[in-house]
Amino acid sequence: MNIAKVVVDVPAAQTNRVFDYKIPDNLTGTIYQGMRVIVPFGPRKIMGYVLEITDHSDLDPLKVKEIIELMDITPVLTEELLDLGKWLAGHTLSFYISTFQAMLPQALKATYQKEIHRLQDSPFDNDLDKMFHGRDYLDYQEFVERKGSHKQLQQAIQDGLIEMVYQVNSKETYKKSTLISANKDALELEEVISNMSAQAKKKITILRYFQEHPEPIVKKDLIQKLHTTHATIKPLIDEGVLKEEVKEIYRNPYKDDQIERTTALPLMDQQKKVMKPIINTIDSKQHDVFLLHGVTGSGKTEVYLQSIQQVLREGKEAIVLVPEISLTPQMVNRFKGRFGSEVAVMHSALSKGERFDEWRKIQRKEVKVVVGARSAIFAPFENVGIIIIDEEHETSYKQEEHPRYHTRDVAIYRAQYHDCPVILGSATPTLESYARAKKGIYQLLAMPDRMNKTKMPTVEIVDMREELHAGNRTMFSRQLKEDIEQRIARKEQVVLFLNRRGYSTFVMCRDCGYVINCPHCDIALTYHRKNQTLKCHYCSYEEKMPPHCPDCKSETIRYFGTGTQKVEEAIQELIPEARVIRMDVDTTRRKGSHEKLLDQFGNHEADILLGTQMIAKGLDFGNVTLVGVLAADSLLHLPDFRAAEKTFQLLTQVSGRAGRHELPGEVVIQTYSPEHYSVDLAAQYDYEGFFNKEMLLRKTYQYPPFYFLTLITVSHPNQLKALEITRTISQLLIKHLSDAARILGPTPSPLTRIKDRYRFQCMVKYKNEPEQRRVLQRILAYYEKEIQKNDLLIQIDLQPYQLM
DNA sequence: AGCACGCCGACT
DNA sequence: GTCGGCGTGCTC
């Protein structure tokens, strides 16, 4: 057992395999699969993951190098996760290294540094010598920046004067804290005190403290509590009366102790009904996928909590996934409240260090439940008893970069391994999931009623075209304005929802219609009022807002579109007495500000909560009786076959924010296409009707769930070249896939140009193409060289969510 | 990816 | 004759 099979940290097709390394004697017995190691690779030193430890290599023993050192004391990837990574790489056409990296927190990613070390004290007489500044090493980066001569460098290496040293580091850091405790019991301390000089007042106070509180205390806290300093504690430690120990502590982003503990709530009949099959599956250690279709406010979370409780009782662990956007303090508190310190929380608002700590709690089995966004599906638990995906229809479950996985697929794969259930919960399931449930592939569990039997809010659809005809040019219909005023008068609260997508704030000249576009990408620049600049969403190009139109010199150049800022101004103008809280990316960027704004709203410090996507989910304020949707159909016109589905989901989701408690709710939806079925059926809360209607269309136009999709996007700085390659790829696909597969394209991508690269795409619609992955892999291999040297980029997305 | 090797044109 | 440009191929 002295050979390790290692996947190295080089994401390229040619290195996407294992390399054999000898395990040096000093590491025998301490090295396990799933550990990170540092290995020599060509002239470099890089990080790699040990996949397997065996006792033989097919290679010439002379060619096999030795592992340099270990980066971990315990494996960071379990055997299950290593296997999952291998499967996922094949499933998403990614490199092994990319899938393994995706499973671990950022802090464990290796960083590389190159240094020039001098081997002799004697100076060499050229410019290179000066760069050392008398030190014995020089950072390579510095050498490059100061335009060092590569020739001199090479010469010096040849002459044996210097050598290149490669450093491999990992970014993880541990937060440490010093604990103080007494070395003696209360009686012994009494003796020490009596022997002390009466002048040593502070010292005595400290010892008295430990007589009463024998448990260890953080040094900093002790100093603060007793108004003393390090200087008084130190001698006591030296005398052996007190002892000091350095312990690793976790950064704690949530103050656990402030969260009120809760116990299981009594269940309503419909909750009891759905719990039964879930509990059965848990008890019989079976794998099954449940689709929990429950309207907003039907009590899905309580079902999750009690299912988890059952899992914990069996000594197993639970993974709960929620969309990033709804990972609000309210949500987190519900889990912390029920399971206390058994919960780890993982999401992007945490710092790298905090996320690493949460991950380590899981790795060390110090917690039993993880609540997190997409990547938490890779939690290194070894005894998973349930996986819950809340709001399963959310698009954020699909990773849009390599590896392009869907969380649902990974969840089901892991649940199969662990023989445990998966619960997909949603008020508006994806057509894919609902269709599978109807076919019996998933088990459908329905919760059609709201808790406390509160009625779903009444929904009014307002046709904005009529408003325009009636001479109302504001963004608020007369009805919405009236309703808002009424709520404010009644001291009730209002949530206003603005869907920003498709309505970004572009700049247009009112005289000639000229729109300012990004010079590198094919989209309009977005206006940022803060510093009067125009920014590109895709390449972060930036320019100053021009005082007049670049085309016709007219000064009537204005920003268009409806941003939350603009809506806020409009409300103030229309209803001056309204107190408004605005929630968008700008106002919630700072850590904790999200929470703070919601608290303010919860305390009725404002009448109106105005926001984008992020307020559509999970908010639960009893005093909200009106929800206004300002532009319901802005999503409908995106080039996306899921546009109707997304609109339906969003409207349903938003409507659920109103009237959750005693007070009845009302929803006003403003739209330019009131007759569209997704708007109309959402207003009637008719999921089934929407499902049937949409399924019919999907069937006609051959989209999921009737067909699978593969989207191939080719981009290249040369437009013709991009088109040509896309055409070749479609022809190859036509040739090698079955006749039943439909290959569309090449067509220009909806975003024709990003960062000066032209984009074309090709789409495959198919039902069953077992050869497809292999064909695509061959296509990638065929273009490998061009991908490396030229600027060719080929993106392959199996089951894409975003068609852009 | 990065790095060495090697082949070619442009220059002291 | 030599320097440095980049295309080619390899990394246990």
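This structure is a prediction, so every number in the text was calculated from the model and none was measured. Chain A is the first sequence line, chain B the second, and so forth, proteins listed ahead of strands; every chain is numbered from 1.
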Ring centroids of A:Phe41 and C:dT11 base under 5.5 Å with planes under 30°: yes
Is there a side-chain polar atom (N or O) of A:Lys114 under 4.0 Å from OP1 or OP2 of B:dC3? yes
Round to the nearest Å and state the distance from A:Ile38 atom CD1 to C:dC12 atom C1'. 17 Å
In this structure, how many angstroms lie between the P atom of C:dC12 and the OH atom of A:Tyr21, rounded? 5 Å
Applying salt bridge (Lys or Arg N to Asp or Glu O under 4.0 Å), run through A:Lys365 and A:Glu317 and close with a yes or a no. CA-CA 9 Å; A:Lys365 312 285 168 334; A:Glu317 298 126 0; 5.9 Å; no
Is NZ or CZ of A:Arg642 both nearer than 6.0 Å to the six-membered ring centre of A:Tyr801 and within 45° of the ring axis? yes
What about A:Tyr405 and A:Tyr413, are their ring centers closer than 6.0 Å? no
Output the rounded distance in Å from CG (A:Leu153) to C1' (C:dC3). 17 Å
Please give, in whole Å, the distance from B:dG2 P to A:His150 NE2? 15 Å
A:Lys65 vs C:dC12: side-chain N/O to OP1/OP2 distance below 4.0 Å: yes
Rounded to the nearest Å, what distance is computed from the CD1 atom of residue A:Ile46 to the C1' atom of nucleotide B:dA1? 9 Å
Calculate the interatomic distance between A:Lys45 atom NZ and C:dT11 atom P; express it in whole Å. 21 Å
Taking the six-membered ring of A:Phe132, is NZ or CZ of A:Arg118 closer than 6.0 Å to its centre and within 45° of its axis? yes
Listed nucleotide nearest any side-chain atom of A:Leu59, set C:dC12, B:dC3, B:dA1: C:dC12
Out of B:dA1, C:dC12, B:dC3, whichever nucleotide has its closest atom nearest the side chain of A:Val10: B:dA1
Ring pair (Phe, Tyr, Trp, His ring centres under 6.0 Å) evaluation trace for A:Phe760 with A:His716: CA-CA 9 Å; A:Phe760 285 86; A:His716 196 282; over 10 Å; no
Please state whether the phosphate of B:dC3, meaning OP1 or OP2, lies under 4.0 angstrom from any side-chain nitrogen or oxygen of A:Arg44. no
Measuring from the side chain of A:Tyr166 (C-beta onward, heavy atoms only), which nucleotide among B:dC3, C:dT11, C:dC12 has the closest atom? B:dC3
Measure from CD1 on A:Ile97 to C1' on C:dT11 and round the result to the nearest Å. 14 Å
